Enquirer: 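Have a look at this one.
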Amino acid sequence: MSSICPSLHELKSIGIHPIAGIPTRNNLLELTAQSRLKIRIYHQQIPLIYREYPKLVTI
């Protein structure tokens, strides 16, 4: 994520948790109904995440 959005790498207090899913044979992750992207940040940093969100997530 930090290679796509370098400003995230500069944040000191951010937690990005692994996404649950099913590994496939071609080294991809199959998402399920329980798959979630969880990012822990201070509420003051929410605008940064919303601004950068389109760069981070493509489904």
Side-chain angles (χ1 to χ4, degrees):
M1 291 178 69
S2 63
S3 64
I4 296 169
C5 182
S7 59
L8 289 179
H9 190 66
E10 297 169 5
L11 296 177
K12 301 290 184 216
S13 54
I14 185 170
I16 300 174
H17 300 267
I19 300 173
I22 302 167
T24 66
R25 290 183 182 174
N26 54 353
N27 292 327
L28 296 175
L29 187 65
E30 183 178 319
L31 301 179
T32 67
Q34 290 77 31
S35 298
R36 303 285 186 272
L37 172 63
K38 295 181 183 180
I39 302 173
R40 291 179 39 165
I41 56 172
Y42 289 116
H43 71 276
Q44 298 93 334
Q45 297 167 325
I46 292 173
L48 173 66
I49 298 298
Y50 276 133
R51 190 169 50 248
E52 303 294 343
Y53 187 78
K55 295 181 202 173
L56 299 174
V57 178
T58 303
I59 297 177

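From a predicted model like this one, the values you see are computed outputs, not experimental measurements.
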Enquirer: Of all heavy-atom pairs between Pro47 and His43, which one has the smallest distance, and what is that distance?
Expert: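 Taking Pro47 first and His43 second, the nearest heavy atoms are CD-O, 4.1 Å.
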Enquirer: Hey, is CG on Asn27 packed in by over 12 heavy atoms from elsewhere, all under 6.0 Å?
Expert: no
Enquirer: Nearest heavy-atom pair of Glu30 and Thr24: which atoms, and what distance?
Expert: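 It is CB-CG2, 4.0 Å.
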Enquirer: Ile16 and Leu37: which non-hydrogen atoms are nearest, and at how many Å?
Expert: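 The pair with the smallest heavy-atom distance is CG2-CD1, 4.5 Å.
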Enquirer: At their closest point, which heavy atom of Ser35 faces which heavy atom of Ile19, and how far apart are they?
Expert: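 Where Ser35 meets Ile19 most closely, the heavy atoms are CB-CG2, 4.2 Å.
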